[in-house]
J.: 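What follows is a structure written as structure tokens; I'll ask about it next.
Basis for what follows: all heavy atoms, side chains included, without hydrogens, waters or symmetry-related copies. Bear in mind the structure is a predicted one, so any value in this text is a computation, not a measurement.
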Protein chains: 4
Amino acid sequence: MPTRDREATRARLLEAARLRFAREGYDATSVRDIARDAGVDATLIFRYFGSKKRLFDEAAADIPDNLLDGPEEELVARMLGSVVFRDWARYGGEHPLVAMLRSSAHEDARRRIREEVCTTYVRALEDLVEGEDAALRAELLSAWLVGIGILRGVVATPALAEAEPADLAPYVESVASALLGRPMSGIPQP
Amino acid sequence: MPTRDREATRARLLEAARLRFAREGYDATSVRDIARDAGVDATLIFRYFGSKKRLFDEAAADIPDNLLDGPEEELVARMLGSVVFRDWARYGGEHPLVAMLRSSAHEDARRRIREEVCTTYVRALEDLVEGEDAALRAELLSAWLVGIGILRGVVATPALAEAEPADLAPYVESVASALLGRPMSGIPQP
Amino acid sequence: MPTRDREATRARLLEAARLRFAREGYDATSVRDIARDAGVDATLIFRYFGSKKRLFDEAAADIPDNLLDGPEEELVARMLGSVVFRDWARYGGEHPLVAMLRSSAHEDARRRIREEVCTTYVRALEDLVEGEDAALRAELLSAWLVGIGILRGVVATPALAEAEPADLAPYVESVASALLGRPMSGIPQP
Amino acid sequence: MPTRDREATRARLLEAARLRFAREGYDATSVRDIARDAGVDATLIFRYFGSKKRLFDEAAADIPDNLLDGPEEELVARMLGSVVFRDWARYGGEHPLVAMLRSSAHEDARRRIREEVCTTYVRALEDLVEGEDAALRAELLSAWLVGIGILRGVVATPALAEAEPADLAPYVESVASALLGRPMSGIPQP
DNA sequence: TATGAATGAGGCTTCATTCAT
DNA sequence: CATGAATGAAGCCTCATTCAT
């Protein structure tokens with residue numbers, strides 16, 4: 001399938017990179033691994049992306065998520081759904097944010113994570129907080145979501161690993177409401 | 001006295017390994033880095049530990065923590081103190097659990113993390129839960145602690161990065177109490 | 001008009017090649033460097049010249065010089081002017097012969113240098129020699145000119161690097177006259 | 001012959017490096033070439049020298065020459081003997097200075113050449129000059145010696161390639177005397 | 001025809017590890 | 001026993017060149 005198609009090859013490399021970087025982390029992933037997965041020559045990585053690092057940057061750049069669509073009181077529930085219940089097969093089964101922690105020895109990866117956490121989670125939650133300490137509360141709730149993602153995806157603690165959305169709903173409701181200072185729903189309406 | 005030296009060298013290697021593995025992750029750490037930090041020849045790593053991997057295992061084995069000393073209602077506050085406020089300089093400034101996530105591409109590291117999370121956190125919390133779903137509640141609370149550790153240590157979100165124990169106390173109190181189903185203190189007594 | 005473009009592109013490639021090969025030497029110059037300088041696709045080098053090597057050969061082929069125009073007794077002065085004082089910007093600032101020494105690991109370059117030295121310098125000087133040993137004397141004088149080019153252009157020894165034609169004139173006169181066995185002028189008439 | 005002897009291996013690498021760098025130039029020489037010539041693993045180059053560049057520096061560092069021993073009036077003759085008639089087999093048959101011109105695209109190599117030319121040749125000759133323009137005269141004479149080395153070694157012009165010391169003696173005498181402004185001998189006494 | 005995607009060899013360098021001494 | 005010389009695989013990346021389109 002040596003399609004002589006720039007965009008297709010680029011896309012396959014990106015796809016393979018996302019998966020490898022997520023699963024193994026930046027250091028344990030070799031450009032040859034990625035190229036082999038994508039079925040193309042490793043040289044093309046340098047042709048199209050310039051360096052392993054820039055490939056990583058681009059692979060980490062877009063995390064597809066549209067959490068803002070839907071009722072405000074279900075935002076946390078949607079976030080949890082994204083972190084925990086959505087199928088992130090493209091990223092090795094874990095939410096990309098969680099997977100990217102594996103590369104967090106590199107300042108660039110850290111920055112990317114910070115950016116994503118702050119824009120997609122903290123800021124969105126901050127707007128919902130009633131009362132003072134909005135930033136801290138939003139971060140504490142974000143931390144919980146990230147923590148749940150990790151315990152379920154990386155650590156695989158038994159109860160969380162098998163939990164269904166409905167099992168978590170009541171706790172989401174109470175913790176989110178407590179931290180944000182306003183009633184939140186624990187599960188999105190269908 | 002040769003035994004003494006041997007033990008001392010082993011200990012120095014372990015110490016250096018802990019720091020490097022924590023800061024850079026398993027893959028980005030080379031045995032020469034560790035040996036140089038310890039001031040000894042790299043070959044000794046193989047003499048004493050057999051391989052880089054077994055050195056990692058041993059370095060990750062003991063995380064010194066004695067969370068069970070103290071009143072029950074302050075357990076969560078102590079845990080948070082350990083994860084967030086204690087000085088883990090030996091592990092590069094982050095709680096070893098958090099640091100070890102950097103190596104979580106390796107199943108061994110994952111297992112070690114799981115072990116530590118389950119024994120030290122989940123199980124201890126589980127015993128305190130009033131009501132059903134003890135395991136899940138304990139894991140959800142553990143997840144929060146881990147998440148806070150990450151957002152503060154790795155991601156460095158602004159509010160958490162600067163928070164003092166007293167700032168977090170009220171939230172710890174309300175969330176821990178809600179999840180465990182019993183009143184918990186947000187800050188340890190001096 | 002396609003022929004025009006083809007010729008223009010060929011010429012641009014040759015020009016870029018001359019400069020790069022002179023400045024960096026054959027090995028340190030990549031065909032992509034040349035193509036980029038010429039503003040064309042690297043493939044055209046292979047289309048037009050067959051290989052990097054053949055491009056080099058062609059680029060090295062013509063060194064524009066017309067030393068024979070002018071009075072005989074000023075020949076050495078003209079030669080020195082060409083080697084030392086002429087502006088060889090097209091060749092990176094050094095006389096092409098001097099620049100080509102950088103590629104003298106390759107027998108082809110050596111042959112080209114030999115050819116040029118013998119035809120343009122040695123033979124022309126040989127015809128002027130009065131007395132025996134004509135060839136050796138001509139070569140010794142050629143060697144001096146080449147050496148001056150190198151010390152000024154490549155090595156940049158302080159006095160030669162700043163010398164003006166008039167500074168060198170008396171020495172040129174005496175050395176050239178001594179080696180050729182006949183009076184030579186040290187500086188060309190305007 | 002895998003002598004497990006640091007100094008011996010280092011020396012063999014240096015020796016092989018000298019020859020390769022001289023013959024092929026810096027860019028055309030690969031560390032694997034050198035290692036193969038030396039009969040050792042290429043890794044040892046990095047163990048002992050740190051990088052290809054530092055190996056080059058060290059290989060270029062010492063050019064064994066003791067031109068100052070002997071009568072002053074024979075200095076130029078000794079220099080010519082060194083440049084032209086001595087057996088530089090270790091450097092591929094050419095005087096190291098001449099060979100190093102092959103790497104003169106690299107500023108470091110240039111600097112090294114300048115250093116050697118200035119200290120070993122120009123400065124020594126400068127001290128002998130009677131009259132003004134000492135520096136320029138010394139450089140002009142050095143240029144001649146370098147040029148002769150090139151025409152004989154690299155370009156291989158016919159007369160010079162076959163010349164014996166005695167053939168050159170009269171010309172050395174007259175040119176050196178003219179440039180230095182004092183009587184010089186054209187050939188060293190046995 | 002000419003653009004540029006693709007290739008395979010090889011560049012320097014660092015890795016974990018072994019084996020003499 | 002311990003030092004460190006040696007190794008071979010693999011790391012990222014660039015090269016000259018070919019071959020579809």
J.: To the nearest Å, give me how far apart CZ (B/F56) and C1' (E/dC15) are.
T.: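 Taking atom C1' of E/dC15 as the reference, CZ of B/F56 is at 18 Å.
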
J.: D/R20 CZ to E/dG11 C1': how many Å, rounded?
T.: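 That distance rounds to 15 Å.
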
J.: In plain terms, say whether D/K53 and D/D57 are close enough for a salt bridge, that is, a side-chain N and a carboxylate O under 4.0 Å apart.
T.: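 Yes, this pair counts.
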
J.: Are any non-hydrogen side-chain atoms of A/V98 and B/L101 less than 4.5 angstrom apart?
T.: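 Counting from C-beta outward, A/V98 and B/L101 never come under 4.5 Å.
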
J.: Rounded to the nearest Å, what distance is computed from the CD atom of residue A/E7 to the C1' atom of nucleotide F/dT21?
T.: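 Spelled out: CD on A/E7 to C1' on F/dT21 is 17 Å.
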
J.: Looking at D/E107 and D/R114, is there a salt bridge between them, counting it only when a charged N and a carboxylate O are closer than 4.0 Å?
T.: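 Yes, charged N to carboxylate O under 4.0 Å.
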
J.: Which residues satisfy the side-chain hydrogen bond (donor to acceptor under 3.5 Å, both in side chains) test with C/D41, sequence neighbours excluded?
T.: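 Expected list: C/T43.
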
J.: Is the shortest heavy-atom distance from the side chain of A/H106 to the side chain of A/D27 under 4.5 Å?
T.: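 Yes - at least one pair of side-chain heavy atoms lies under 4.5 Å apart.
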
J.: Check side-chain hydrogen bond (donor to acceptor under 3.5 Å, both in side chains) between C/S104 and all other residues, then give those that pass, not counting sequence neighbours.
T.: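 If we apply the side-chain hydrogen bond (donor to acceptor under 3.5 Å, both in side chains) test to C/S104, skipping adjacent residues, the hits are D/R102.
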
J.: Just so I know, are the side chains of B/Y91 and B/L19 near enough to count as touching, which here means a heavy-atom distance under 4.5 Å?
T.: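 No, too far: nothing below the 4.5 Å cut-off.
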
J.: Between atom CG in A/D5 and atom P in E/dA6, what is the gap in whole Å?
T.: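 That distance rounds to 8 Å.
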
J.: For D/L13 and E/dC12, what is the distance between atoms CG and P respectively, to the nearest whole Å?
T.: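 Between P of E/dC12 and CG of D/L13: 14 Å.
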
J.: Taking NZ, NE, NH1 and NH2 as the nitrogens, is one of them in B/E115 or B/R111 under 4.0 Å from a carboxylate oxygen of the other?
T.: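 Salt bridge flag = no for B/R111 with B/E115.
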
J.: Pull out every residue in residues 22-32 of chain A that has a heavy atom closer than 4.0 Å to any atom of DNA chain F, ordered by number, or say none.
T.: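 Close to the strand are A/T29, A/S30, A/V31, A/R32.
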
J.: Regarding D/R110 and C/E94, does a basic nitrogen lie under 4.0 Å from an acidic carboxylate oxygen?
T.: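 Salt bridge: yes.
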
J.: By side-chain hydrogen bond (donor to acceptor under 3.5 Å, both in side chains), which residues pair with B/E24, not counting sequence neighbours?
T.: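 Applying side-chain hydrogen bond (donor to acceptor under 3.5 Å, both in side chains) to B/E24 gives B/R20.
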
J.: Taking the six-membered ring of B/F46 (Phe, Tyr or Trp), confirm whether the NZ or CZ of B/K52 is under 6.0 Å from its centre and within 45° of its axis.
T.: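 Cation-pi check for B/K52 and B/F46: fails.
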
J.: Please give, in whole Å, the distance from F/dC15 P to C/D33 CG?
T.: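 Going from C/D33 (CG) to F/dC15 (P), I get 6 Å.
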
J.: Has the side chain of D/R4 got a donor or acceptor atom sitting under 3.5 Å from an opposite partner on the base of E/dA20?
T.: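 Under the 3.5 Å cut-off, the side chain and the base do not form any donor-acceptor pair.
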
J.: Rounded to whole angstroms, how far apart are CZ on B/R36 and P on E/dT14?
T.: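 Computing the B/R36:CZ to E/dT14:P distance gives 11 Å.
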
J.: Please list, in numerical order, the residues of residues 41-53 of chain D that have a heavy atom closer than 4.0 Å to any atom of DNA chain F.
T.: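 Hits under 4.0 Å, by residue number: D/D41, D/T43, D/L44, D/R47, D/Y48.
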
J.: For DNA chain F, what string of dots and brackets results from 5' to 3' when Watson-Crick and G-U pairs need both distances under 3.5 Å, crossing pairs get [ ], and pairs with another strand get |?
T.: .||||||||||||||||||||

